[in-house]
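Start at 1 and go down the list; that is how both ligands and their atoms are numbered. None of these values were measured; they are calculated from a predicted model.
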Amino acid sequence: MKRQDYLKWDEYFMGIAILSAERSKDPNTSVGACIVSEDNKILSVGYNGMPIGCSDDEFPWEREGSTLETKYVYVCHAEMNAILNYTGTHMKGAKLYVTLFPCNECTKALIQKGISEIIYLSDKYAETDIVKASKRMLNAAGISYRSYTPINRDVVISL
Ligand SMILES: Nc1ccn([C@H]2C[C@H](O)[C@@H](COP(=O)(O)O)O2)c(=O)n1
Ligand SMILES: [Zn+2]
């Protein structure tokens, strides 16, 4: 009889998004993303981080202060990195697994790339206009989004 406690697709791909987030240097919010084809092949992964050539040690990670001394104007979002890291030709019909609901800017890019479903872990900024704008665009574009249902299981990786 086959193993019964294998990871189901949602668990596997959200697990990869969570693991990808562990690469982030953001001290407040680590985000991971995993883009998966219609037939459950991983197309790309990403996490939030500074652009290539912009040192993690020199660019700011502050949340508050003058605009140029906060992270927001520099950091690449996990979803944007996942899109940009993809080296294939098309992602039409693909799904996005992401640990935090996409912002409006990433949502525009996800729509334009043909993403058909978003599965997210946290929606902690749901009350912000940024996320409200994302949902408005996703609703208009007919793209579904759903909250990942945790299975309350620990998967331990010893490194
Ligand atoms: N969907 C998102 C939303 C945000 N991010 C990044 C941008 C920042 O590095 C961090 C949020 O920082 P906070 O304001 O919570 O201190 O997460 C992303 O990659 N994807
Ligand atoms: Zn974004």
Closest protein heavy atom (residue, atom, distance) for atom 19 (O) of ligand 1: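 The closest heavy atom on the protein side is Ala78 N, 2.9 Å.
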
Protein heavy atom at shortest distance from atom 6 (C) of ligand 1: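 Ranked first by proximity to atom 6 (C) of ligand 1 is Asn48 ND2, 3.6 Å.
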
Heavy-atom proximity to atom 4 (C) of ligand 1, best of Glu79, His77, Met50: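 Of the listed residues, His77 has the closest heavy atom.
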
contact_flag Tyr47 ligand 1 heavy-atom lt 4.0 Å: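 Under 4.0 Å: no for Tyr47.
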
Ligand 1 contact by Cys106, heavy-atom criterion under 4.0 angstrom: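 No, that is not the case, since the closest heavy atom of the residue is not under 4.0 Å from the ligand.
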
Ile130 atom CD1, neighbour heavy-atom count above 12 within 6.0 Å: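 Atom CD1 in Ile130 is not crowded, with 12 or fewer foreign heavy atoms closer than 6.0 Å.
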
Atom OH of Tyr148 with >12 non-hydrogen neighbours under 6.0 angstrom: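 Above 12, so yes.
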
Count of N, O or S atoms belonging to protein, less than 2.8 Å from the Zn ion (ligand 2):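 For the Zn ion (ligand 2), the figure is 3.
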
Donor-acceptor side-chain pairing of Tyr97 and Asp10 below 3.5 angstrom: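 Yes, side-chain donor-acceptor contact under 3.5 Å.
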
Nitrogen or oxygen atoms of Phe101 and ligand 1 under 3.5 Å apart: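 The answer is yes, given that Phe101 and ligand 1 share an N or O pair closer than 3.5 Å.
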
Check: Val31 N/O within less than 3.5 Å of ligand 1 N/O: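 No; every N/O pair is 3.5 Å or more apart.
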
Electrostatic pair Glu38:Lys92 at N-O distance under 4.0 angstrom: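 Salt bridge between Glu38 and Lys92, a charged N being under 4.0 Å from a carboxylate O: no.
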
Within 45° cone of Phe59 ring axis and under 6.0 Å: Lys25 NZ or CZ: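 Here Lys25 fails the 6.0 Å and 45° test against Phe59.
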
Plane angle bin for Phe13 and Trp9 - parallel if under 30°, tilted between 30 and 60°, otherwise perpendicular: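 Aromatic pair Trp9/Phe13 classed parallel.
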
